[in-house]
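Inspection log for the structure reproduced underneath, given as structure tokens.
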Amino acid sequence: MRDLAFIGFLVALFGLGFRRPFIFVLTYIYIDIVSPQRITYYLLNSVPISMMAAGLAVLAWLVVDDKKDARFAPRQALILLLLIYCGLTTRTADFPAEAAEKWAWVWKNLAFAVFLPLTLRTKLRIEALLLFVVLSASSIIIVGGIKTLASGGGYGELNLMVTNNSGLYEGSIISAVAISIIPIVLWFARHGTIFRPEWKVWTFCGALTFACLLMPVGTSARTGLLCIAFLAVLMLREVKRKMLYLAALGLVGVMAVPFLPSAFSERMGTIKTYQADESASTRLAVWKWTWDYAKANPFGGGFEAYMQNRIRYDTVQVSKEGAGHTVQRASTVVDKSRAYHSSYFEMLGEQGYPGLLLWLLINGIGVVRMEVLRRRYKEGEFAWAGSLAGALQHAHLIYLLGGAFVGIAFQSFLFMLLGAQIGLDTYLSRRRSETAWRPMRRAWAGAAA
């Protein structure tokens, strides 16, 4: 039944696509984020639906779509350069077979990120893109939120529709993404036009925001807790009554503590005592190994280069014994082939200093450009755009913070976010150019008369 239901969904979208080519782009976004091949049982597991949707999107744009005002932005050139560089490092990777497997999905994300802004010619398309990103992610987040309320979740125990620990189905990744989309959800509640703001939209946006906040609780992901704290700080820029906001935030936090599952509270407590937590100690050891590896291999070792690491780290076990005395026991752990658990070290180890610099440049320019647009369009006809630029910037910053503790440098969500930023930037540039030329046209018309 899952197979048939999803095939019906694809047929309906593809049918609309022949009249509205952008539908193919939205279809690809849904497929890429949700990965329905993992949810369905038989038919779609053997059908390359992602490639089909991407091919149809590009073909529809080439044949049907209007390209007269399409612009190729500098950030698209940087993403293309990163794509070429990653291709070169894959050819010389330390682990060719494993690197080729990761390259098989990375190049698609990068290539689509280069193509996506070319299709974002109108406000409606930019909004539709973000709506599909939010709703696609929410199909996982809502399930996770319901299961968290029902069972409390737990580290490695929350089943998000499928038993698969990769992509958005991995606890730390979905927690970071869930908190990242909250600013965009709040923007839809105020400025959306596809679903105009009214009580039903506000109710859904409020419920979805609550589900997003539940994801770090259900997955017991410390990354998610840090992202929530960062979101709270970023929102200070938007609220007018800051002291009232801080007081309400503190009150909600105090009231929420008794309702948190004990598994979540215990795991969050390990943030203070990282040496007692093997996961945190492993991260630090891997980061040190990656730093030393990059010194000897400045151009990186290609995808999955971490597989050659051999790490040694110390842990401290804290326990209580008779009469409440605390006892600490130190031990040394030897491990190997541990993942980077950081986007920054992922880029450094796999793509070296050039790849890390390119990646940081792409993201840094995105954050700066959104700040420029946020300040430029605070009021007037394009106030919605200034608010959207702020939401995209906040989503981006939260994602980059989450990326410090989980390897998500090449996840499709990031590049769709970048695509939306570039699309908004180029759209506003076109509108600004049109507005600037109109008075001159009127002047020429007056002179001719």
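For reference, positions follow the sequence shown, starting with 1.
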Distance check, rounded to the nearest 0.5 Å: [X] atom [atom1] versus [Y] atom [atom2]?
{"X": "Arg75", "Y": "Ile365", "atom1": "CZ", "atom2": "CD1", "result": "7.0 Å"}
{"X": "Thr426", "Y": "Leu424", "atom1": "OG1", "atom2": "CG", "result": "8.0 Å"}
{"X": "Ile126", "Y": "Gln421", "atom1": "CD1", "atom2": "CD", "result": "11.5 Å"}
{"X": "Asp292", "Y": "Asn309", "atom1": "CG", "atom2": "CG", "result": "11.5 Å"}
{"X": "Asn297", "Y": "Leu348", "atom1": "CG", "atom2": "CG", "result": "10.5 Å"}
{"X": "Ile184", "Y": "Leu388", "atom1": "CD1", "atom2": "CG", "result": "7.5 Å"}

Between [X] and [Y], what is the shortest heavy-atom contact and its length?
{"X": "Asp94", "Y": "Ala305", "answer": "OD2-CB, 4.4 Å"}
{"X": "Ile174", "Y": "Leu168", "answer": "CB-O, 3.0 Å"}
{"X": "Phe413", "Y": "Ser180", "answer": "CE2-CB, 4.1 Å"}
{"X": "Trp187", "Y": "Ser387", "answer": "CD1-OG, 3.3 Å"}
{"X": "Ile181", "Y": "Ala137", "answer": "CD1-CB, 4.5 Å"}
{"X": "Gly224", "Y": "Ile179", "answer": "O-CG1, 4.2 Å"}

Checklist entry - Does the pair Glu346 and Lys102 meet the rule for a salt bridge (Lys or Arg N to Asp or Glu O under 4.0 Å), with working shown? => result CA-CA 13 Å; Glu346 176 188 7; Lys102 182 171 180 179; 2.7 Å; yes

Does [X], at its [atom1] atom, have more than 12 non-hydrogen atoms belonging to other residues, nucleotides or ligands within less than 6.0 Å?
{"X": "Trp107", "atom1": "CH2", "result": "no"}
{"X": "Phe299", "atom1": "CZ", "result": "no"}
{"X": "Arg237", "atom1": "CZ", "result": "yes"}

Next on the checklist: Would you say the ring centers of Trp359 and Tyr344 fall short of 6.0 Å from each other?
Outcome noted: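 Judged by ring-centre distance (under 6.0 Å), Trp359 and Tyr344 do meet the cut-off.
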
Checklist entry - Is the centre of the Phe95 ring less than 6.0 Å from the centre of the Tyr306 ring? => result no

Are [X] and [Y] close enough that some pair of their side-chain heavy atoms sits under 4.5 Å apart?
{"X": "Ser342", "Y": "Arg283", "value": "no"}
{"X": "Val58", "Y": "Phe115", "value": "yes"}
{"X": "Leu80", "Y": "Leu83", "value": "yes"}
{"X": "Glu238", "Y": "His394", "value": "yes"}
{"X": "Leu392", "Y": "Leu130", "value": "yes"}

Next on the checklist: Could you go through Ser337 and Arg310, starting from their C-alpha distance and side-chain angles, then the distance that decides it, and tell me whether this counts as side-chain contact (heavy atoms from CB on, under 4.5 Å)?
Outcome noted: CA-CA 7 Å; Ser337 301; Arg310 300 292 184 273; 4.1 Å; yes

So, the side chain of [X] versus the backbone of [Y]: is there a donor-acceptor pair under 3.5 Å, distance only?
{"X": "Gln393", "Y": "Val367", "result": "yes"}
{"X": "Ser136", "Y": "Val133", "result": "no"}
{"X": "Thr122", "Y": "Arg125", "result": "yes"}
{"X": "Glu350", "Y": "Gly300", "result": "no"}
{"X": "Arg430", "Y": "Arg121", "result": "yes"}

Item to check | Evaluation steps, salt bridge (Lys or Arg N to Asp or Glu O under 4.0 Å), between Glu371 and Arg375 | outcome: CA-CA 6 Å; Glu371 179 64 17; Arg375 296 186 178 188; 2.6 Å; yes

Next on the checklist: So, using ring-ring contact (aromatic ring centres under 6.0 Å, His included) as the criterion, who are the partners of Phe188 when residues are at least two apart?
Outcome noted: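 So Phe188 forms no ring-ring contact (aromatic ring centres under 6.0 Å, His included) with any residue.
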
Checklist entry - Between Leu129 and Leu116, does a side-chain contact (heavy atoms from CB on, under 4.5 Å) hold up when you go through it step by step? => result CA-CA 10 Å; Leu129 163 70; Leu116 180 59; 4.1 Å; yes

Item to check | Thr223 side chain to Ser175 side chain, donor-acceptor N/O pair below 3.5 angstrom | outcome: no

Review item, side-chain donor-acceptor pairs of residues 207-217, under 3.5 Å, at least two apart:
from   : atom 1 : to     : atom 2 : distance (Å)
Thr209 : OG1    : Cys205 : O      : 2.8

Checklist entry - How far apart are the C-alpha atoms of Leu414 and His396, what are their side-chain angles, what is the distance that settles it, and do they pass the side-chain contact (heavy atoms from CB on, under 4.5 Å) test? => result CA-CA 8 Å; Leu414 171 63; His396 197 175; 3.9 Å; yes

Just list the side-chain donor-acceptor pairs under 3.5 Å for residues 397-408, sequence neighbours left out, or say none.
from   : atom 1 : to     : atom 2 : distance (Å)
Tyr399 : OH     : Ile408 : O      : 2.8

Item to check | Passing candidate, ring-ring contact (aromatic ring centres under 6.0 Å, His included) with Phe410, options Phe303, Trp105, Tyr340 | outcome: Phe303

Checklist entry - Which is it for Thr219 and Glu170 under the side-chain contact (heavy atoms from CB on, under 4.5 Å) test, yes or no, and what are the steps along the way? => result CA-CA 9 Å; Thr219 60; Glu170 196 277 328; over 6 Å; no

Next on the checklist: Determine whether Tyr427 and Arg432 satisfy the following criterion, side-chain hydrogen bond (donor to acceptor under 3.5 Å, both in side chains), listing intermediate values before the conclusion.
Outcome noted: CA-CA 9 Å; Tyr427 168 77; Arg432 190 165 62 250; over 6 Å; no

Checklist entry - For the residue pair Trp384 and Phe382, does the interplanar ring angle fall in the parallel (under 30°), tilted (30 to 60°) or perpendicular (over 60°) class? => result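 Plane angle between 30° and 60°, so tilted.
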
Next on the checklist: Applying side-chain hydrogen bond (donor to acceptor under 3.5 Å, both in side chains) to Asn109 and Gln411, what does each step give before you reach the verdict?
Outcome noted: CA-CA 7 Å; Asn109 288 344; Gln411 284 292 320; over 6 Å; no

